[in-house]
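Here is the structure we will look at.
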Amino acid sequence: MPANTGAIPITTIKLTAIEQSKRLAAYTAVDKHILPEHKVIGIGSGSTVPYVVERIVAQGRELNKDRMFIPTGFQSKELIVMSNLNLGDVDQFPTIDVTIDGADEVDLNLNCIKGGGACHLREKVLAEAANTFILVADYRKNADYLGTNFTSGVPIEVVPFAYAKVLQNLRHVLGSPNATLRMAKAKAGPVVSDNGNFVIDAPFPREIMMDPFPIMTKIKMLTGVVEVGLFCHMAQAAYFGNEDGSVTVKRKTEFSVMEEIIQPS
């Protein structure tokens with residue numbers, strides 16, 4: 001990492017195999033998609049994103065001095081500030097060149113689940129604002145269909161006043177009988193998002209998750225739902241770091257999604 005940047009030296013310690021996979025995916029995605037002409041860049045949330053910021057910082061102060069970086073939440077805001085990058089807001093820059101974000105799981109068609117960290121409302125705003133939306137993750141997040149490994153369910157941000165009614169609809173109308181209000185682990189009571197809302201986790205059976213777009217639209221229509229952690233038909237590519245040092249890339253083409261393996265150099 002370049003000197004005098006103020007960035008946290010994330011990789012000065014020995015990384016586990018999983019962390020190496022995350023870093024590999026992040027570095028490859030940044031190298032492919034954060035280009036010199038890109039001046040407004042969205043920075044997502046999750047455990048892979050610190051490596052995204054690390055690689056951007058490594059592009060050098062000269063390249064970054066005229067860029068603006070838009071965060072999806074507290075974590076990415078802190079990364080931007082602590083790395084001495086220019087902090088912007090989507091209010092100032094409603095059109096973003098590239099947004100790079102993590103994912104809880106990605107399927108064969110580049111649909112993904114996000115919201116394990118309760119940031120999916122802001123993440124979706126930045127994804128929709130971006131000309132190019134890229135996902136980065138380790139190999140565990142690469143699946144044929146959503147809900148394979150990420151089994152806690154679809155994250156749904158809901159206003160507190162409506163959570164009980166939304167839960168009832170999810171359980172008895174939309175086919176998620178085990179939908180639950182997400183509870184905090186280090187405080188008494190529910191998780192509260194950056195927007196002051198509650199989060200519901202709603203697992204759905206495989207036959208529904210094989211094509212998640214219809215259930216996403218049905219959930220979104222429930223009164224009180226702010227945003228659904230299903231990102232359908234949005235990502236242009238996803239990068240997954242593998243244990244052997246290769247990177248699996250799922251890339252959207254005109255008619256389908258192509259998968260390729262980038263071997264370690």
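- When side chains are defined from C-beta on, Leu174 counts as touching Ile219, because their heavy atoms get closer than 4.5 Å.
- Legend: salt bridge (Lys or Arg N to Asp or Glu O under 4.0 Å) pairs involving residues 28-44, not counting sequence neighbours, sorted by first then second residue: Asp31-Arg55.
- Looking at Val52 and Val136, their side chains come closer than 4.5 Å, going by heavy atoms from C-beta outward.
- Using a distance-only test at 3.5 Å, with no hydrogens or angles considered, no donor-acceptor pair links the side chain of Asn197 to the main chain of Val192.
- Remark: side-chain polar atoms of Gln20 are paired, donor with acceptor, to backbone N or O of Leu15 under 3.5 angstrom.
- Here side-chain hydrogen bond (donor to acceptor under 3.5 Å, both in side chains) pairs that include residues 207-218, with residues two or more places apart or in two chains, number zero.
- Side chains of Arg61 and Asn84: no donor on one and acceptor on the other come within 3.5 Å.
- Atom CD1 in Ile215 sits 5.0 Å away from atom CD1 in Ile208 (nearest 0.5 Å).
- Cluster partners of Phe161, using a side-chain heavy-atom cutoff of under 4.5 Å among ILVMFWY residues and allowing indirect links: none.
- Note that CG of Asp138 is 11.0 Å distant from OG1 of Thr248, once rounded to the nearest 0.5 Å.
- Between Phe204 and Leu170, the closest side-chain pair of non-hydrogen atoms falls below 4.5 Å.
- A donor-acceptor contact shorter than 3.5 Å links the side chain of Lys124 to the backbone of Leu230.
- Among residue pairs with one or both ends in residues 158-179, those qualifying as side-chain hydrogen bond (donor to acceptor under 3.5 Å, both in side chains) are Lys165-Gln168; sequence neighbours excluded.
- Atom-to-atom distance recorded for Ile80:CD1 and Phe69:CZ is 7.5 Å, nearest 0.5 angstrom.
- If you chain together ILVMFWY residues whose side-chain heavy atoms come under 4.5 Å of each other, Val106 ends up grouped with Leu110, Phe133, Leu135, Phe231, Met234, Phe240, Val257.
- Atom CE of Met221 has 12 or fewer neighbouring heavy atoms from other residues, nucleotides or ligands inside a 6.0 Å radius.
- Ser246 contributes no side-chain N or O that, together with a main-chain N or O of Asn242, makes up a donor-acceptor pair within less than 3.5 Å.
- Looking only at distances, no side-chain donor or acceptor of Asp104 sits under 3.5 Å from a matching main-chain atom of Cys112.
- Side-chain atoms of Lys141 and Phe150, non-hydrogen and from C-beta on, never get closer than 4.5 Å to each other.
- Shown are Ile43, Ile96, Ile100; of these, the side chain to side chain contact (heavy atoms under 4.5 Å, CB included) with Leu126 is made only by Ile96.
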(Q) Pair Lys220, Glu227 - check salt bridge (charged side-chain N to carboxylate O under 4.0 Å, His left out), show working. (A) CA-CA 6 Å; Lys220 189 70 181 284; Glu227 194 48 77; 3.1 Å; yes

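- Residues Ile113 and Gly153 come closest through the heavy atom pair CG2-O, 4.4 Å.
- Rounded to the nearest 0.5 angstrom, Met209 CE and Thr148 OG1 are separated by 9.0 Å.
- Between the side chain of Asp194 and the backbone N or O of Gly73 there is no donor-acceptor pair closer than 3.5 Å.
- Going from atom CD of Gln92 over to atom CG of Leu87 covers 8.0 Å, rounded to the nearest 0.5 Å.
- Looking at heavy atoms from C-beta onward, Asn142 lies in side-chain contact with Lys250 at the 4.5 angstrom threshold.
- At least one donor-acceptor pair under 3.5 Å links the side chain of Glu105 to the backbone N or O of Gly147.
- Proximity of a side-chain donor or acceptor of Asn109 to a complementary backbone N or O of Asn111 within less than 3.5 Å is not detected.
- Distance check, rounded to the nearest 0.5 Å: NE2 of His38 to CG of Leu63 gives 11.0 Å.
- Listed here is the closest heavy atom pair of Asn64 and Asn86: O-ND2, 3.6 Å.
- The backbone N or O of Arg140 lies less than 3.5 Å from a partner atom in the side chain of Asn149, making a donor-acceptor pair.
- Evaluation of the salt bridge (Lys or Arg N to Asp or Glu O under 4.0 Å) test over residues 67-87, restricted to residues two or more places apart or in two chains, returns none.
- Side-chain atoms of Ser193 and His120, non-hydrogen and from C-beta on, never get closer than 4.5 Å to each other.
- Annotation for Thr99 and Ala130: closest pair OG1-CB, 3.4 Å, computed over non-hydrogen atoms.
- Side-chain N or O atoms of Lys187 include one that pairs as donor or acceptor with a backbone N or O of Pro190 at under 3.5 Å.
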